[in-house]
Amino acid sequence: MSSFFITCAIDYANGDPHLGHALEKIGADAIARAHRQLGDDVWFLIGMDEHGQKVAQTAEAAGVAPQQFVDGVAERFTAMWATLGISHDQFMRTSHAAHHAAVTALLERIFAETPDAFYERSYTGEYCVGCESFKQAADLHEGRCALHPTRTLEAVTERNWFFRLSAYTERLKAHFAAHPEFLQPAHRRNEILSLLEQGLEDISASRARIAWGVPFPRPISTGETQTTYVWFDALPNYWTAQFFPGSRAPWPASVHVVGKDITRFHTVIWPAMLMAAGLPLPAQVWAHGFITLGGERFSKSAGVKLELSEAIARLGPDAFRYYLLRDIPFDGDGAFSWERFEAVYTAELANGLGNLASRTTAMVEKYCDGVVPAGARTAEDAADLADYAEARAALDGSNGYPLHEALAAIVRTIGRANQAIQDAKPWVLAKDPANRPELERVLASLVRQLARQAVYLAPFMPGKAEALWTALGGPGTAAATAFATADALDCTGWRVTKGEGLFPRPEPTTAP
RNA sequence: GGCUGGGUAGCUCAGCCGGUUAGAGCACGGCACUCAUAAUGCCGGGGUCGCGGGUUCGAGUCCCGCCCCAGCUACCA
């Protein structure tokens, strides 16, 4: 049993969870669950980034202390993840004392391992008093802050700790060359490679004006103690997580699941920090895409609104998970629409899998008193196994994590089963006792197909997969059944129950 | 502006190193069936493969030019 440590990017505690946050968690959860069924010893880490100027300002605006504010945000995030069935083993928060101590330890470790990694430098930037932060040229409109156009920007100089990122350009290039799997999908790797070609600039590691954060362990030459800047506070969470009480997070991580917008931080800055600290690098970074809504991108600055709880309530959390992972390519962008959601649900879940389960269990009850007969393996079994091999290849990390391809392969097995019924016509076979062996062979094959679907869909729809497994009378749980076990499954003697439909057809309500 | 990747049926996309009548799913139309959630299966209509040149016996598939779209072009977590 090999160890598999998967992480999500920690979410910034500046607002409530939205569709963009959910996509990443759902995708990573499917990967984590799949690896449990592949036989790995999985540790799944998610959490929150709770420090920084924006959080402090938002808390102040709300009239509460920063800690109190982030406590509330964290509660809403964890409640959402519970609703969606996210199976994380650890929820880390950067405001936790264990994180503070570990960040401090990491910085000291860098000072010890690479004495010249940090140095002091004066930084002069355009400072907006309204925002209480420095502005980059790109943030300016006609020389003024876009958010506070009535105020003039001040040229402010401060001394900070800087990290010698530029010194790692060659080592990073070498790492990318030696480990082509380090960053996937491939088009993201190309972007980073071109960035490395341009050469890297040093980055600041501490800030004077930010109070809400981890104190940088060494004062600057004036004696002033500054606050650790975001790179050195947030990115290390993957490593500091192991020092939380009860954690078994094994460093290095197997894969960091992150959004394409922060690929650079995870494949350049973070690895350079680890190199400076003399620590091993994560094996892989997977950059997923974004969901758009009405043509607009979901992000923290969301002008786009979609009530997550409403979307989940519409057809249930399992259907929501399925729709997102099936219809949004996990290596690129995709659009959310209520029409597509209902179309995919109706076609593939209600009419496809749900009806397949319904007609199969009905026939086993009607023709075999509900007990699955014995039956030799069929051409459908063989064809399914080829599809499941493809599904596994999309889940085991060997080609990144194109989850939509895994689901596409599973969907093919549903179509195959429905076609097999049509071809074999069990209701005709049942009329003549002479056809009994053939009837049993067909029904046994169908139950095997459904059982495998339950097992392979468990990472994507944990609730519905279990309901299907139960309806088939499978032993234990679908989630506890390894993929390899499913491939060789024999369902003889299982007792099926038809029960209610797995995926009831949606009410013909009008979508908003 | 530069770099990268794209523009193929109403929609989402496959089409590898050029080669018979350009494919899939969804949607749409017709037929069949009744085990099933008015579900399923079969058949069918539908595309000047972004535009214009070129190479070739032959080009969505290679070359050149142009138009359009997306991503990246680092201190926002």
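Protein chains get the first letters and strands the later ones, always in sequence-line order, with residue 1 at the start of each. The structure displayed is predicted, hence computed values, not measured ones.
- Contact between the side-chain N/O atoms of A:Gln419 and the OP1/OP2 oxygens of B:C42 is found at a separation under 4.0 Å.
- Nucleotide B:C51 forms a pair with B:G65, judged by Watson-Crick or G-U wobble geometry with both contacts under 3.5 Å.
- One can find a donor-acceptor pair under 3.5 Å joining the base of B:C75 and the side-chain atoms of A:Ser204.
- To the nearest angstrom, C1' of B:A74 lies 11 Å from OH of A:Tyr229.
- Among A:Val364, A:Thr361, A:Val442, the single residue meeting the side chain to side chain contact (heavy atoms under 4.5 Å, CB included) criterion with A:Val447 is A:Val364.
- If you check every strand for non-hydrogen atoms under 4.0 Å, A:Ile192 touches nothing.
- If you take CG of A:Leu446 and P of B:U40, they are 16 Å apart, rounded to a whole angstrom.
- Taking atom CZ of residue A:Arg416 and atom P of nucleotide B:U40, one finds them 17 Å apart after rounding to whole Å.
- Between B:A27 and B:G47, the two C1' atoms lie 16 Å apart (nearest whole Å).
- Contact annotation for A:Tyr367: backbone-only contact, meaning every heavy-atom pair under 4.0 Å involves sugar-phosphate atoms and none involves a base.
- In textbook terms, a nucleotide whose glycosidic angle is within 90° of 0 is syn, while B:G18, being further out, is anti.
- Of the P atoms belonging to B:U4 and B:U48, the separation is 32 Å, rounded to the nearest Å.
- Taking every side-chain heavy atom of A:Phe265 into account, B:C76 is the closest of B:C26, B:C76, B:A36.
- If A:Ala343 and A:Ala357 are placed on RNA chain B by their nearest nucleotide, the residue sitting closer to the 5' end is A:Ala343.
- Pair assignment for B:C33: none, as no Watson-Crick or G-U wobble contacts are both less than 3.5 Å.
- Checking side-chain atoms of A:Thr346 against main-chain N and O of A:Ala343 turns up no donor-acceptor pair under 3.5 Å.
- A:Phe216 and A:Trp161 have parallel rings, their planes meeting at less than 30° on a 0 to 90° scale where 60° marks the start of perpendicular.
- Rounded to a whole Å, the CD1 atom of A:Ile291 is 16 Å from the P atom of B:G71.
- As judged by a 4.0 angstrom heavy-atom cut-off over every strand, A:Leu356 is placed among residues making no nucleic acid contact.
- Without hydrogens or angle criteria, A:His404 side chain to A:Phe330 main chain gives a donor-acceptor distance under 3.5 Å.
- Checked against B:U34, B:C76, B:G71, the side chain of A:Lys54 finds its nearest nucleotide in B:C76.
- A:Glu201 comes within 4.0 angstrom of a nucleotide base, judged by non-hydrogen atoms across all strands.
- As judged by a 4.0 angstrom heavy-atom cut-off over every strand, A:Gly199 is placed among the base-contacting residues.
- Among B:C35, B:C75, B:A74, the nucleotide with an atom closest to any side-chain atom of A:Arg207 is B:C75.
- At a threshold of 4.0 angstrom between heavy atoms, the contacts of A:Leu502 include nucleobase atoms, whether or not backbone atoms are also involved.
- A salt bridge links A:Glu50 to A:Arg93: at least one charged side-chain nitrogen sits closer than 4.0 Å to a carboxylate oxygen.
- No donor-acceptor distance shorter than 3.5 angstrom exists from the side chain of A:Arg448 to the backbone of A:Glu380, with no hydrogens or angles considered.
- For the P atom pair drawn from B:U21 and B:G2, the interatomic distance equals 41 Å after rounding to whole Å.
- With B:G41, B:A39, B:C26 as the choices, the nucleotide that has an atom nearest any side-chain atom of A:Asn355 turns out to be B:A39.
- Rounded to the nearest Å, the gap between the C1' atom of B:G50 and that of B:G60 is 11 Å.
- A distance of about 36 Å separates the C1' atoms of B:G65 and B:G25, rounded to the whole Å.
- Spacing of P atoms, B:C26 relative to B:G7, comes out at 23 Å, to the nearest Å.
- Distances shown here put a side-chain N or O of A:Arg505 below 4.0 Å from the OP1 or OP2 atom of B:A39.
- Proximity of A:Lys498 to the phosphate of B:U37: a side-chain N or O atom is located under 4.0 Å from OP1 or OP2.
- Taking 4.0 Å as the cut-off between side-chain N and carboxylate O, A:Glu191 and A:Lys260 do not count as a salt-bridged pair.
- A:Gly52 comes within contact range of no nucleotide atom at all, as no heavy-atom separation falls under 4.0 Å.
- Going from atom CD of A:Glu191 over to atom P of B:G6 covers 13 Å, rounded to whole Å.
- Comparing the same atom, C1', in B:G6 and in B:U61 gives a spacing of 15 Å after rounding to whole Å.
- Using a 4.0 Å heavy-atom distance criterion, A:Lys425 is classed as making no nucleic acid contact.
- With a cut-off of 3.5 Å on both Watson-Crick or G-U wobble distances, the partner of B:G71 is given as B:C3.
- For the pair A:Tyr323 OH and B:U12 P, the interatomic distance rounds to 12 Å; values are reported in whole Å.
- Side-chain atoms of A:Asp49 never come within 3.5 Å of backbone atoms of A:Asp11 as a donor-acceptor pair (strictly under, hydrogens ignored).
- Whole-Å rounding puts the A:Asn351 CG to B:U37 P distance at 12 Å.
- Rounded to whole angstrom, the span from the CG atom of A:Asn190 across to the P atom of B:G5 amounts to 7 Å.
- Summary of the strand contacts: A:Ile269 and A:Arg188 both lie near RNA chain B, and taking for each the nucleotide with the nearest heavy atom, the more 5' one is attributed to A:Arg188.
- Contact annotation for A:Asp202: base contact, defined as any heavy-atom pair under 4.0 Å involving a base atom.
- Heavy atoms of A:Asn418 sit under 4.0 angstrom from primed sugar atoms or phosphate atoms, though from no base atom.
- Within the 4.0 angstrom heavy-atom criterion, base atoms lie near A:Ala350.
- Aromatic ring orientation, A:Phe265 versus A:Trp231: tilted (interplanar angle from 30° to 60°).
- The base-pairing partner of B:G46, taking Watson-Crick or G-U wobble contacts with both distances under 3.5 Å, does not exist among the strands shown.
- Look at the P atom in both B:G45 and B:G29: the space between them is 16 Å, to the nearest Å.
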